[in-house]
Each structure stands twice: as structure tokens, then as C-alpha cells.
Amino acid sequence: MMDTLLLSRIQFGANISFHILFPTITIALGWVLLFFKLRFNRTGDMRWMEAYRFWVKVFALSFAMGVVSGITMSFQFGTNWPGFMEHVGNIAGPLLAYEILTAFFLEAAFLGIMLFGFRRVPGWLHTLATFLVAFGTTMSAFWILVLNSWMHTPAGFELRDGVAFATDWWAVVFNPSMPYRLVHMLLASGLTVAFLIAGLSALRWLFGDRSGEVRTTLRFGLTMGAVLIPLQILAGDMHGLNTLEHQPAKVAAMEGNWETRGNVPLLLFAVPDEETRSNSFEIGVPNAASLVLTHKADGIVPGLNDFVTEDGEVLHPPVAPVFYAFRIMVGTGMAMLVLSWGAMALMARRGEGVGTWAQTRRGVDGLPKLLLIALVAMTFAGWLATLSGWYVTEIGRQPWLVTGVLTTEMAVADVPSGLVLSTLIAYLAVYAGLTLAYIGVLVHLARKAAKGQPPAEPRKAPSAVVGGLHAAE
Amino acid sequence: MLTLFGDPEVWLPLAFAGLMGFSILVYVVLDGFDLGVGLLAPLVDDAERDRMVASIGPFWDANETWLVLAIGLLLVAFPEAHGMILSGLYLPVAIMLIGLILRGVAFEFRVKAPAGQKANWDRAFFAGSLMTSLSQGFMLGMYITGLEWTLATLLFSTITAVFLTVGYSFIGATWLIYKTDDDLQRKAVDWARGGIWGLLGGVAAISIASPLASERIFERWFGFPEILLLAPLPLTFAAIAGVLVYMLRKLPAEGDAFAIVPFAATVLLFALAFAGLAYSFYPFVVPDRLTLYEAAAAPESLLIILVGAVVVIPIIIAYSALAYTVFRGKATDLTYY
């Protein structure tokens, strides 16, 4: 039977993987909803309100999933990882407390008003509630990423008898990797939501929905994706350079580079093997890794073999999962780039008729069916990229829980492995069921919305569609 | 500032114990009625169930957050106790968490999933509420008896599990008396009339069993002069319980007068029972093993949290009050617009 450490890691990994799916959606979707609401306030155009009404349901469901799975983790610190708080509780404690105090209550209390208060409160208060919920989710992301970044690049503390004490809270909060990680995660949330909106809107389109609302959200999702993806590539690159400076072993695993050397190729594919400490089936671009990481073709890239002590103790992370997860993340990002920019180009083409480009561009009608199907397939691409990115950074931190301070092994609880296994199985069953139910409900909401909308033919002018929706109220 | 109130190694842990106790009490009351409504939900038809859910829909999320705060305070202020208590209660904690997950998502799924699945999510709503209530009651019993797994403590904890579930159902019923009208309100009064004896019986049983189970609690209660100091507590409890029993016979009253009284009285009963428990355990945070003062985190860290808590908790209470004001009055169907 597997040992308690491994099972506890799998259990926490499963919980946090399931949890992160939903905040990844709510963080950015909150701001998107605020945008929809503000557009409606400004223009009075019902398309924005319709979009708000559809997506607030997705938000409510995602929020509930995020809350309940988040509670699980606050307990698991105690049930499975008591050593974490014993050693670094003086740092982690205040950060978690501030997350609860400044974020959790804010979002939870105003969520009720945001969801159900539209007719009960003045318009400004409803808009304010939407803002505060979005703000709360982002604050929550801020505090938890501060803590997570501190675990990667701890700063502003001293150790007394193995227990960390804060000496400089400013340095704790603004630790070296925090700004990069925060930006990278917020952009990941934005991209996840962009492709979720584009994907579900494309699904509604394929179901025959040609409403003004679905046109708006489809274009909105694609534009958001097209704008954010280059920013994310830039932010990811900077985060990688930051990691190279502070956690070189992680970068060595990401690149699958065993020996410290110059002229390192960028491996598109390989099978890393820790037994032989080498790769097989390498396909690489010569010198590209050196170029990306050091901006010089012959730049020195750290190798994994530097992180093995003379008596054979391995102080670098397991290579294969980090190596593969990194490629899945980057590959998904590239697919996002191609798809969103391709869609933008297709939408920008001139259609028939006379007039300026703005009047005749084909817009969402210019999107071929195949591309819409691809968008549906990419609905949850943000999840895939976010999860694999988290696996890169979290597995990449091993064997440390807090780099240089606390190993994962030191923190685990002395709970019988059979007990951990049984709860692990129970959690996995619940999470798998709920993830399926969640996706099922999103598809159901899309189908239901498509049914209630004007059919594909004959096409109406946008103003007539808006008028028609008004009449249907 | 650290020495403003005397020795920080004394007053800081005490302040945090107070904050944590406050959070637990608020959680037990607020999520208590949410869970109670969930426990009672199978007793009515679909339309009435929608109204029951509507009576807690805008609040449950914030209510549950008090549990996160309570456990968060335990985690940050008494890290050693957090590990000791939660790893000692590994299994009931896991069951509670799965219950909380089911209950929380069922709120959303039951109205958003295809109509054919609603009944299943209603079952999940009930099952989640039941799992949560039973496991919390079980943990209460294990905590009282010192977190040891023996036949006697298991038996005691099973009893507390049942009675806490009854208690939650009861406060849920009183909440429904306050938030609903007509048939559903009359049903809620009926449930409460039955449930009150379960609640009082439970408090009595736990009050009798606790001093028998723990010598220290026996000393605290029946030693002299403690017994004189403690006496007002059960007397007040009995007086309020009397009012409650009387009111439940009279309700529903003309013009819906006094509909809030049973709920308010139940909140007081919960607070008194909680005060009794807190009194019994002070100064231990893990009964008979670890005191507040031994378990507390570093004063510097505690102070930073305390400053935040003192500033933010009043604000939290203010906007929670706003939410309850916005959704005051009888529950109506929840709509997104």
C-alpha cells in the first residue's frame, strides 16, 4: 500500500486541483459581469443585460463550487499537514486570516444581493454589489498567491528552532515571485473565462441561437482571448525568468536539461528518464532554450545534476511530470493564440455590400462552422492550461513545501494510510461527479438559452432583435 | 501596543479565544438554521421546498463563511491545537466536508440542472445537511470527551450527533416560522412544537453526561463557589425555554405578530448553551491536553491579525446586516432579475 505522504499529497493535489477550477472562472467572470452591467447602464442595450443574466448563473454555480471546495482545504491543513502551520504558521496564519477577513465575507455577503437583489435594491447598489464581489474574488486571489509565492520564494523572516518568524511583513507580502505569479494567474483566469464565454456562445450558435446576446458574447470572448493571450505569453516568460533566478532546479526540470551548459536546445518533445538521468526521443530547436532563458544563444542553463548531493540525495523535483505539464500548458496557450487571432482575422474580413469597413465587416457571421466547433472543443482549455501550469510550479517546488525551509515530508500528519486512502477515494468520487454535473449544467443552460431565442433564419436586424426581446420580457 | 493590556502572552490568546468562540457561535446559529431547513426540506412538496430554500438562498454562503473564519482562527492563533483536533477527528471532518460540499452545490444545481434531475439534487441537499449536522454533533461529543476513541466516547458522541441534528432542525423550523406564512408557517410551528422537546432533552442529556464524563467539568460545575456563579445560566436557560414553549402554543398569531420570537429565543438558548460549554473548557483549547496559552502562535503574528480583525469584523457585521435587510420579510421566490 502507498504511504501516507504520497496519499496525502495526492489528496491535497486532487482537492486543490478541483478547487482552482472554479476561482479561475469566478475571478475574471466577476469583472466581466461588472463590464456587462456597466455597458448596460451606459447604453440601455438589452443585449448586455441578457448576457449578464446568462453569465451570472454560470458565476453563481462556479462560486458555490469554489466555496465548498475551498472549505475542504482550510480543514486539510490541520487533518493532513499539521507540520505546515507548526513551522510557518506565523507567516501563513496572518495571510490566510486576511484572506478570510477581507475577501471571503465581502464576496459571500454581496453575492446574495448581486444574484437575487436586482429588483430589491437601487440600480447603483446592484452595480456596487457586482463590483464588490469581483473585487472580493480578486482580493482572495491576491492573498492566497502571496502565501503561495512565499512558499516558493520565502523572504522577510528568520528561523528560530525550525519555526519561521516574520521580520519584515512588506518583504513577506512582496516576496520575489509574488508579482509575477499574481499577474500570471490573473491573466490565466481572464483567458479561462474568455474561452469559456467564446466556447459556450459558439455552442449556442451551433444550437441555432442567433440572438444579439450570443453575437455579443461570442465576439466579446474572442476579443478578450485575443487581447490577453499575447500578454500572458509575455507574463509567462517573465515569470519563467524569475523562476530561473530563484528556483533553478524547477527550470531545469521544465527544460529537461540534465547538465549545466550553454547552447541548450528547446525540447518540443522528449521522454525524460530519472533512472538513466537522460532523455530519449528528443525533438528540439537548437539553442532556443538558452535564447529564451538567457537571451543569448550560448547562454548557460542550469542542469538537474547540479541538484544531487554527493551522497546521492535528490534535491530537484520529479522531472517527467514537470516537463510534460509545462509542454501541455504552453501547447494550450499556442492553440489559444492561433484560434483567437484566426477568429479575429476572419471576423474582420469585409463582407458584401457597400459602406465603410466597419459597416461591412462580417463579424461573427464570418466564422466557419469548423472554427466554431474548435471553440466548443476549447471551452475548458483555460482549465487545462491553468492546471498544468500549477502542476509545473507546485511539483516543481518539490521536495520542498517551503523552499529551503520545510520539506513536504516534514509537514505531513501521522494518519494511517488506509484512512487517507478511503477519504481520498470518497473525495475523488464526489469531485468527478460534480465536475461532470457542472459541465452538464453549462451545456444545459446553453441549450435552454438557445431554445428561448429567435431561430437562425430569417435574420433580423440587431435593433429588431433587441425590440423583440423587450417585447418578450 | 503589545503591552497595553498587560502581558501579551496572556491577553492575546484570550482575545483570540474570544474571537474564535464568537465565530463558532455565529456559525452554529446562522448555518444552524440553514442546515435545519435542509433537514426539514424532505417533509414538504416541491413548491414549498422552493420557498424554504428561498428563505436561506441569499444568506447561506456568508453564513458558512463563519465556519471558515472559526477554523481559520483556530489555524492561525492556535496552530498546534488545529493539528491536534483535526487529525484526531479525521473521519468526521471528512464526512462533514463532503456534506458541506453536497449541500452547498445542491442549492445551485437544483434550480439550474435539467428539471428531471431536481429531485436528485433535493436528495443531495438533504443528505448534505444531514451529514454535516451529524458529523458536527459527533465532533462536539468527541471534543467534550477529550478526543479519545473509546466505546464510551463513541456512544456519547453518537448521542450528541443526534441531538445537534435535532437542535439544527429546531432552529431551522423557528427560522421558517419567521420567514414564511400560511401553510408552510403552520407546518413549521408544528415541527417546532415537536422539536423543542428534542432540543431540551438533548441539552439536558449533554448537561448530565458531560460532568460524568469529565472530572474537570464536574469540579467546574459543582465545586464551591463555582456553582453559585454558574447558577444564573441554567436558570436563564429555563426561563427562555419556558417562553419558547408558551409562544409555540400561541403561534401563528393574528397579523403574524411575534413570528420572530421563537427564532430569537432559540438564538439565546444556543448562546447560553455555548457559554456553558466555553466555561466548562476554559482554559483548555484541546480538553485536558493543551491550554490556550500553550497553543498560541507568536504574539507578533497574532497582533497583526487582531488589528485586521478588530477593524474588519464590524464592517463584516455591517454589510451582513445590509444583506439581511435587503432580503427582510417573508421569503419570496428567488429570481435572478
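Lettering of chains follows the sequences in order, A, B, ..., and the numbering in each one begins at 1.
Minimum heavy-atom separation, B:Tyr168 to B:Leu35: CE1-CD1, 3.7 Å. Residues A:Gly30 and A:Thr130 approach most closely at O-CG2, 4.3 Å, considering heavy atoms. The minimum heavy-atom distance linking B:Phe78 with B:Pro13 is given by the pair CZ-O, 3.5 Å. Minimum interatomic distance between A:Gly156 and A:Val172 (heavy atoms only, all atoms of both residues): O-CG2, 3.4 Å. In terms of heavy atoms, A:Glu99 sits closest to A:Ser140 at OE2-OG, 2.7 Å. Scanning all heavy atoms of the two residues, the minimum distance from A:Phe165 to A:Ile91 falls at C-CD1, 4.2 Å.
For the set B:Pro79, B:Pro114, B:Ala297, B:Ala94, the count of heavy-atom pairs under 4.5 angstrom toward chain A peaks at B:Pro114. Options A:Leu96, A:Asn80, A:Thr102 differ in how many heavy-atom pairs under 4.5 Å they form with chain B, and the most are formed by A:Asn80. Among the candidates B:Ile316, B:Ile95, B:Leu73, the residue making the largest number of heavy-atom pairs closer than 4.5 Å to chain A is B:Ile316. Contacts with chain B were tallied for A:Leu106, A:Val67, A:Val163; A:Leu106 has the most, counting heavy-atom pairs under 4.5 Å. Counting heavy-atom pairs closer than 4.5 Å to chain B, the top residue among A:Leu101, A:Leu125, A:Val441 is A:Leu101. In terms of heavy-atom pairs under 4.5 Å with chain A, the best-connected choice from B:Ala77, B:Ala323, B:Ala298, B:Gly104 is B:Ala298. Of the listed residues A:Gly440, A:Pro82, A:Ala64, A:Ala92, the one with more heavy-atom pairs under 4.5 angstrom with chain B than any other is A:Ala64. Across B:Ile305, B:Val311, B:Ile98, the residue that shares the most heavy-atom pairs under 4.5 angstrom with chain A is B:Ile305. Per-residue counts of heavy-atom pairs under 4.5 Å with chain B were compared for A:Val420, A:Ile100, A:Asn90, A:Ile71; the largest is that of A:Asn90. Note on A:Tyr438, A:Tyr98, A:Phe104: by heavy-atom pairs under 4.5 Å with chain B, the leading option is A:Tyr98.
At least one donor-acceptor pair under 3.5 Å links the side chain of A:Glu107 to the backbone N or O of A:Thr137. Judged by distance alone, with hydrogens and angles left aside, the side-chain atoms of B:Lys179 form no donor-acceptor pair with the main-chain N or O of B:Arg51 at under 3.5 Å. Remark: side-chain polar atoms of B:Glu80 are not paired, donor with acceptor, to backbone N or O of B:Ala295 under 3.5 angstrom. Using a distance-only test at 3.5 Å, with no hydrogens or angles considered, no donor-acceptor pair links the side chain of A:Arg120 to the main chain of A:Gly117. The main-chain N or O of A:Gly66 is found under 3.5 Å from a side-chain atom of A:His19 such that the two form a donor-acceptor pair. For the pair A:Thr26 (side chain) and A:Phe63 (backbone), a donor-acceptor distance under 3.5 Å is absent. Under the 3.5 Å distance criterion, the side-chain polar atoms of B:Asp31 are left unmatched by any main-chain donor or acceptor of B:Tyr27. In this structure, B:Trp149 contributes its side chain and B:Gly88 its backbone to a donor-acceptor pair below 3.5 Å. Here the side chain of B:Trp175 pairs a donor or acceptor atom with the backbone of B:Ser55 at under 3.5 angstrom. With hydrogens and angles disregarded, no donor-acceptor distance shorter than 3.5 Å links the side chain of B:Arg289 to the backbone of B:Met84.
Counting heavy atoms from C-beta outward, A:Gln76 and B:Leu86 have side chains that stay 4.5 Å or more apart.
Partners of A:Trp48 according to the ring-ring contact (aromatic ring centres under 6.0 Å, His included) rule, which considers only residues two or more places apart in sequence or in another chain, are A:Phe35, A:Phe36.
Residues of residues 115-138 of chain B lying under 4.5 angstrom from chain A, judged on non-hydrogen atoms, are B:Trp121 by number. Contacts of residues 62-72 of chain B with chain A at a heavy-atom distance below 4.5 Å involve B:Ala62, B:Glu64, B:Thr65, B:Trp66, B:Leu67, B:Val68, B:Leu69, B:Ile71, B:Gly72, listed in sequence order. The contact list for residues 426-436 of chain A toward chain B, using heavy atoms and a distance under 4.5 Å, reads A:Ala426, A:Tyr427, A:Val430, A:Tyr431, A:Leu434 by residue number.
Using a 4.5 Å cut-off between heavy atoms, A:Leu132 does not touch chain B at all. In this structure, chain B has no heavy atom under 4.5 Å from any part of A:Trp81. With a 4.5 angstrom heavy-atom cutoff, A:Ala437 touches chain B via backbone and side-chain atoms both. With a threshold of 4.5 angstrom between heavy atoms, A:Thr423 approaches chain B through side-chain atoms but not through N, CA, C or O. Heavy-atom distances place the side chain of A:Leu111, and not its backbone, under 4.5 Å from chain B. For A:Ile113, the parts lying under 4.5 angstrom from a heavy atom of chain B are both the backbone and the side chain. For A:Phe110, the part lying near chain B is the side chain, with the backbone staying farther off; criterion is any non-hydrogen pair under 4.5 Å. Both the backbone and the side chain of B:Ile304 come within less than 4.5 Å of a heavy atom in chain A. In this structure, the portion of B:Met96 lying under 4.5 Å from any heavy atom of chain A is its side chain and not its backbone. Both the backbone and the side chain of B:Phe327 come within contact range of chain A, with heavy atoms under 4.5 Å apart. With a threshold of 4.5 angstrom between heavy atoms, A:Phe105 approaches chain B through its backbone and through its side chain.
The pair B:Arg110-B:Glu108 does not meet the salt-bridge criterion, since no charged nitrogen lies less than 4.0 angstrom from a carboxylate oxygen.
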Could you walk me through whether B:Tyr324 and B:Phe59 pass the ring pair (Phe, Tyr, Trp, His ring centres under 6.0 Å) check?
CA-CA 8 Å; B:Tyr324 278 90; B:Phe59 313 118; 4.1 Å; yes
List the steps, then state whether side-chain hydrogen bond (donor to acceptor under 3.5 Å, both in side chains) holds for A:Asp414 with A:Thr4.
CA-CA 8 Å; A:Asp414 184 23; A:Thr4 301; 6.0 Å; no
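Rounded to the nearest 0.5 angstrom, B:Leu176 CG and B:Lys330 NZ are separated by 10.0 Å.
Residue B:His82 forms a side chain to side chain contact (heavy atoms under 4.5 Å, CB included) with just one option from B:Val76, B:Leu74, B:Val285, and that option is B:Leu74.
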